Amino acid sequence: LAILERLSALRATDPRVRVVRRPVRGGIVAASMDACRLADGDWVAFVDHDDRLRPQALLEVALLLHRQPQLECLYTDSCTIDRNGVVLHEFAKPDWAPETLLHLNYVNHLSLVRRDVFDAVGGLRAGFDGSQDWDLWLRLAARPNLQVAHLARVLYDWRAAETSVAYAVSAKPYVID
């Protein structure tokens, strides 16, 4: 309830904030696609509800997009943190390597996809809850001449909760399936 109260307060002070409750639970893909349908920006950014962006994250992304307006996708380095915000490890991701993506979802978060490209590949697909990002990036990688940038800075903190694959892949066995 505290989150809903906070969101309602934000909505009251900022008309850009939209709060919608789904009538039934639909999983991460359904909730994310509902949010994407509400959004009217040129880019879709993927972040988890319990993670955090570094203070300069959006500025760094905006600067890169300004310098390289042809980009269709971008991703940043990240680190894994515990529930108290203590850094467990940093992940300096490789530059764009679709072959590596076949074996490992190294892109993950923070990642952004230009909205028209996101829509062109069909967005997030039902049935891929828990691995929806990887499924999306595999379909993006299949596009000819995809313009991807790797912003090699740690701009995203991925919280390793016991219910997250950041903690252990076994936390969500259905992702493996």
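Just so it is clear, the values below take in all heavy atoms, side chains as well, and ignore hydrogens, waters and symmetry mates. A quick note: this is a predicted structure, and the numbers were derived from the prediction, not measured.
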For the student: nearest non-hydrogen atoms of [X] and [Y], plus distance:
X: V154; Y: Q56; value: O-NE2, 4.4 Å
X: C79; Y: V87; value: SG-CG2, 4.1 Å
X: Q70; Y: Q147; value: O-CB, 3.6 Å
X: D129; Y: G27; value: OD1-C, 3.5 Å
X: H150; Y: D95; value: ND1-OD1, 2.7 Å
X: R143; Y: V117; value: NE-CG1, 3.7 Å

Only counting residues at least two apart or in another chain, list the ones meeting side-chain contact (heavy atoms from CB on, under 4.5 Å) with [X].
X: D14; answer: R16, V17
X: S111; answer: F46, Y75, V107, W137
X: A149; answer: L64, Q68, L71, L74
X: P94; answer: Y106

* Criterion side-chain contact (heavy atoms from CB on, under 4.5 Å) on L102 and L138, from CA distance to verdict -> CA-CA 7 Å; L102 292 172; L138 288 169; 4.0 Å; yes
* Asked: Can you name the residues that form a side chain to side chain donor-acceptor pair (under 3.5 Å) with D157, not counting sequence neighbours?
  ->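 Result, side chain to side chain donor-acceptor pair (under 3.5 Å) vs D157: R52, R54.
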* Asked: Mind checking what makes salt bridge (charged side-chain N to carboxylate O under 4.0 Å, His left out) contact with D34, not counting sequence neighbours?
  ->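 Salt bridge (charged side-chain N to carboxylate O under 4.0 Å, His left out) check on D34 returns R22, R37.
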* Salt bridge R159-D50, side-chain N to carboxylate O under 4.0 Å ->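 Result for this pair is no, no salt bridge flagged.
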* Would you sort out whether N105 and S131 count as a side-chain contact (heavy atoms from CB on, under 4.5 Å), showing the intermediate values? => CA-CA 9 Å; N105 179 17; S131 59; over 6 Å; no
* Asked: Per the side-chain contact (heavy atoms from CB on, under 4.5 Å) rule, which among L136, D135, I28 passes with F128?
  ->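 It is D135, the one option of L136, D135, I28 that forms the side-chain contact (heavy atoms from CB on, under 4.5 Å) with F128.
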* Asked: In a check of side-chain contact (heavy atoms from CB on, under 4.5 Å) between W158 and each of V47, D51, I81, which one passes?
  ->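 Among the candidates, only D51 passes.
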* Mind checking the CG-CD spacing from L146 to E72? Nearest 0.5 Å is all I need. =>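 Atom-to-atom, L146:CG and E72:CD are 5.0 Å apart.
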* **Worked check of side-chain contact (heavy atoms from CB on, under 4.5 Å) between F91 and N108** => CA-CA 11 Å; F91 185 14; N108 215 2; over 6 Å; no
